[in-house]
Chemist: 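I'd like to ask you about the structure that follows.
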2 protein chains.
Amino acid sequence: MAIVKLVNSVKSLSKPSKQQSHRSTIGDVAREAGVSKTTISRYLSGQFDSISEQTRKRIEQTIADLKYRPNRMARGLKRDRSFSIGMIVADITNPFSTSILRGVEDVCTKHGYSLMVCNTDNDPVKEKEYIMMLQAHRIDGLIINSTGHNNEYLHELAEEQTPVVLVDRKMPELGFDTVVTNNVQATTEAMRFFLQQGYERIAFFTQPVEKVSSRNERSNTFHQFLAQANHPSITDVYVVDFRENGQLEQKLEAYLSSSQGQFRLLFAVNGVMQLKILNVLQQKGLRIPEDIAVACFDDLDWAPVIPPGITTIAQPTYEIGVNAMERVLKRIMGDQSPAETIELPGKLIIRGSTPSKTK
Amino acid sequence: MAIVKLVNSVKSLSKPSKQQSHRSTIGDVAREAGVSKTTISRYLSGQFDSISEQTRKRIEQTIADLKYRPNRMARGLKRDRSFSIGMIVADITNPFSTSILRGVEDVCTKHGYSLMVCNTDNDPVKEKEYIMMLQAHRIDGLIINSTGHNNEYLHELAEEQTPVVLVDRKMPELGFDTVVTNNVQATTEAMRFFLQQGYERIAFFTQPVEKVSSRNERSNTFHQFLAQANHPSITDVYVVDFRENGQLEQKLEAYLSSSQGQFRLLFAVNGVMQLKILNVLQQKGLRIPEDIAVACFDDLDWAPVIPPGITTIAQPTYEIGVNAMERVLKRIMGDQSPAETIELPGKLIIRGSTPSKTK
DNA sequence: TTGTATGCGTTATCAT
DNA sequence: ATGATAACGCATACAA
C-alpha cells in the first residue's frame, strides 16, 4: 500500500483571525440558569424525566437568551460519532445525481444528520482524497457511486465499522449494501417495446463500461435480448469515449450509413449520451422520428419538451437515495445482517420519438 | 425572537452500536513511533523544520502502518475552527445551483476545506433549520442563496464572526458580500438584441419576484428598457406561480391571443420557466420560431438541442461559485474591509429560436 | 530538536 | 432531581 503523506492541507493556516466573539457554551448556559453542566446536557439529550418542570423551563429560556448552539464537534468527539453522513457522487451536475441526493438528504435531516457532499468528476484521485477527508471527519456513514478504483480505501472505512452503501454502481467484491435501478428489467422492458414497434435496426450507444455496472448491465441485456430474438442488430453496441474528440460523430456516422433506409432506433445509455447524440443528429439535419427514432435512460426535464417528446426510462432516483440512506441508518443502529442489493424498477415512458412501423 | 427549543434531534439515539474498532489516535502514533504527541502534532501541521529528518520518516511510516487519520472534530474543537464550509441552495436539482456548487467545491478542496451542502426547496423553515445545524457544526463560512426570510439567523452568524456570502440573490440590508450575475447588463444586452431583430411584442415571464433580487432586476430592466424605447410591450410582464395550477397556461393564453399575428417573443426569467413554457407551446402545437420566438436566462445543456436551438443568456455560474468561496476565504483570513457586491457579466448566446423579422 | 501539561465543549460515570 | 469529575483527540504555551 502506498504511504499516504498526511499533512494538514489547510494552506491558510498563517493567520486566521481569532477574533472569536463570545459564542456561548454549555458552561455559560449552566451558570446563567443556575444549574450544573450535567443538567444542561440532560436537557439537550431530551432526558426530561430527570429534570423538574421548573428548571426545564429556565434552561429553555436561558438557551434562547444566550442563543446557545451545542457544539457538534465537542459532542462528536465525546460520543465518537459525528452525526454527519458523507456522500460521494461522480458528477454533481448530472440531475441523476442530485435527484438521488434529494432522497438521501430528506432521510438525513429527518434523523438529525448532516450531509457532506463530494463530487469526484469520475476521477479516482479526487475520490481517494474525499474518502480520506470524510474519514477525518469521522462520518457515521458513506453513500457513494464509486469510480471503482478505491476499493482499498472503502474497505478501510468498512473495517472501522463505518457503514458504506453503494448506489448506481455495484461492486460485489466489496460486500457492501447496494441500491440500484433494476437495469435488466428496465432494459428488457424497453427492448421488448422496441421490437414490438417493429424496429429493424437498434443501436445501443454507451460510454466505456469500465467498472460501471449499470452501463455493463444495460449493454449486456441489450445484447442478450437481441441474441435471443435472433435480431439483426446484435452487434450494434457502440462505445464512445467523450474524451476522444470526434469519436461520437464517427461512430454515429458508421451506424447511420450502415442502417440507411431501415426502420431504425438509437438507444442511449443515459441522458448525457442522449443529449450529445441529439446534438449531432440535429447538425446532420436528421429528423426525429422520421429519419431515426431515439430513446434513452434517464427521464430528465427536457425529455417531454424536445419534439416529438423523447421516450425514456425513468430511473427511481429519489427512491434510490431514500433507500440508501435508510440502509445506512440501519447499519448505524447496529444491524449486522448480510449485505443486500436492492434493485428498484425503472419505468418506460413512451413518447413520440419511438413510433411504430405500421404507423 | 422566538424561543428555539433546542433538543438533540438524532432520534436514533437508542442503541447505536458502539463496536468501535481500534481507530488509531495521535497517541497511538506517538507511542508506536517512540516520540511525544507534540512531535506528531508538529508533523501534522507541517512544521518540518522542528523535526529531524529521521523522526520525520519514522512518523511518516508509522502513520501509514496504523492507517492513522487525524480527527477533524478534535482538531476543530481545539482550534475553534471546523474546516467546513456550509452551502445552502434553494434548489439543488437546478443545474444553476450545482454549477455554482462546482465552483465553490473546487476552491474549497484546494484549500483543505470540506463542504456541507443543504437544500431548502425555497422553504424558509428548512432554511432556518439548516442554518442552525451548520452553526452547530461551527462552520467557518457560509455561502447561501437565501429565501430572504431568515435575516435574523444569518445576522446571528455574522455576529459570531462567521463570514456569510450571498449568491444569486442580494440582500442589501444585511451587509454581506454578494456575488451575482449582472442582471441589468445581461437583460439590457438581450433586449437590445431583441429590438434589433424587430420583435413587435415581447413578453417577460417570471415567477413571483418576492425577495429574489435576480427576478426583480430582470423584470425591472425589461420594463425600463421598453419604456425608454417607447415600445408597445411595456406592460407585458407576466408573473406565474407554479403552485397555482393552470396559471401558466392561462397567462400564456392571454399573451398569445393578445399578440396574435404579431412578430412576437417569449422571454423567460430562467431555465425552469423556459422548459415549462415550451411544454405548453408544444401542446398547443405552436412552432418555434415560426409561430413564436423564445429566449431565456440559463444556458442549460438542452438549449442547443431543442430545435431550432434556444437563445439564452449564459450566467457565469461556476465563476460565481469560485468568487463566493474566495470571498469567504478572505474573510476567514481576517479581511475586515467593507462588504462588496460582485456582479459578473452574463453572455447572450444567440441560436435559432430568435430570428430577425426581415429573414 | 523534543517533551509536559493544560484545555477546547461536551457526555458518561458515579455520586448524593 | 441534580452535581462533580474525568475523558474524548488534538494543539499550544512553556520547558528543556
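Chain A is the first sequence line, chain B the second, and so forth, proteins listed ahead of strands; every chain is numbered from 1.
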Chemist: Just jot down the salt bridge (charged side-chain N to carboxylate O under 4.0 Å, His left out) partners of D168(A), sequence neighbours excluded, or say none.
Modeler: none
Chemist: Measure the distance from CZ on R31(A) to P on dG9(C) and round it to the nearest whole Å.
Modeler: 11 Å
Chemist: Considering residues at least two apart in sequence or located in another chain, which fulfil the side-chain contact (heavy atoms from CB on, under 4.5 Å) criterion with C108(A)?
Modeler: I85(A), V104(A), Y113(A), L115(A), M325(A)
Chemist: Applying salt bridge (charged side-chain N to carboxylate O under 4.0 Å, His left out), name anything that partners D91(B), two or more places apart in sequence or on another chain.
Modeler: none
Chemist: Calculate the interatomic distance between R58(A) atom CZ and dT2(D) atom C1'; express it in whole Å.
Modeler: 12 Å
Chemist: Quick one: side-chain contact (heavy atoms from CB on, under 4.5 Å) partners of E53(B), sequence neighbours excluded?
Modeler: R56(B), K57(B)
Chemist: Check the interface with nucleotides 8-10 of chain D: list each N/O to N/O pair with the protein under 3.5 Å, or write none.
Modeler:
unit_1: dG9(D); atom_1: N2; unit_2: A74(B); atom_2: O; d: 3.4
unit_1: dC10(D); atom_1: OP1; unit_2: Y68(B); atom_2: OH; d: 2.5
unit_1: dC10(D); atom_1: OP1; unit_2: N71(B); atom_2: N; d: 3.0
unit_1: dC10(D); atom_1: OP2; unit_2: I26(B); atom_2: N; d: 2.3
unit_1: dC10(D); atom_1: N4; unit_2: K37(B); atom_2: NZ; d: 3.4

Chemist: Who pairs with R102(A) by side-chain hydrogen bond (donor to acceptor under 3.5 Å, both in side chains), at least two apart in sequence or on another chain?
Modeler: E105(A), D106(A), D121(B)
Chemist: Bend angle of the helix from dT1(C)-dA16(D) to dT16(C)-dA1(D) from five-pair axes at both ends, rounded to 10°?
Modeler: 30°
Chemist: Restricting to side-chain hydrogen bond (donor to acceptor under 3.5 Å, both in side chains), what partner residues turn up for N151(B), sequence neighbours left out?
Modeler: E173(B)
Chemist: Using a cut-off of 4.0 Å on non-hydrogen atoms, how would the nucleic acid contact of S50(A) be classed: base, sugar-phosphate, or nothing?
Modeler: base
Chemist: Could you tell me which residues satisfy side-chain hydrogen bond (donor to acceptor under 3.5 Å, both in side chains) with T147(A), sequence neighbours excluded, listed by chain and number?
Modeler: E127(A)
Chemist: I'd like to check the side-chain contact (heavy atoms from CB on, under 4.5 Å) partners of S114(A); sequence neighbours left out, ordered by chain and number.
Modeler: R72(A), S84(A), M116(B), M133(B), H137(B)
Chemist: Return the value, rounded to whole Å, for the distance between atom OH of Y43(B) and atom P of dA11(D).
Modeler: 13 Å
Chemist: The criterion is side-chain hydrogen bond (donor to acceptor under 3.5 Å, both in side chains); which residues satisfy it with Q135(B), sequence neighbours excluded?
Modeler: R69(A), E156(B), E160(B)
Chemist: Before giving the answer on salt bridge (Lys or Arg N to Asp or Glu O under 4.0 Å), spell out for K330(A) and D177(A) the whole-Å C-alpha distance, their side-chain angles and the decisive distance to 0.1 Å.
Modeler: CA-CA 11 Å; K330(A) 267 193 197 167; D177(A) 288 312; over 6 Å; no
Chemist: We want to know whether S45(B) and Q47(B) form a side-chain donor-acceptor pair, criterion being a heavy-atom distance below 3.5 angstrom.
Modeler: yes
Chemist: OP1, OP2 of dT2(C) versus side-chain N and O of S52(B): anything below 4.0 Å?
Modeler: yes
Chemist: What is the distance from CD of Q47(B) to C1' of dA13(D), rounded to the nearest Å?
Modeler: 13 Å
Chemist: It should be established whether T55(B) places a side-chain nitrogen or oxygen under 4.0 Å from OP1 or OP2 of nucleotide dT1(C).
Modeler: no
Chemist: Are there any protein N/O atoms within less than 3.5 Å of an N/O atom in nucleotides 14-16 of chain D, and if so, which ones and at what distance?
Modeler:
none

Chemist: Both T38(B) and D49(B) contact DNA chain C. Taking the nearest nucleotide for each, which residue is further toward the 5' end?
Modeler: D49(B)
Chemist: Specify the separation, in whole Å, of atom CZ of R81(B) and atom P of dT12(D).
Modeler: 10 Å
Chemist: If I take atom CD1 in residue I40(A) and atom P in nucleotide dG3(D), what distance separates them, rounded to the nearest angstrom?
Modeler: 9 Å
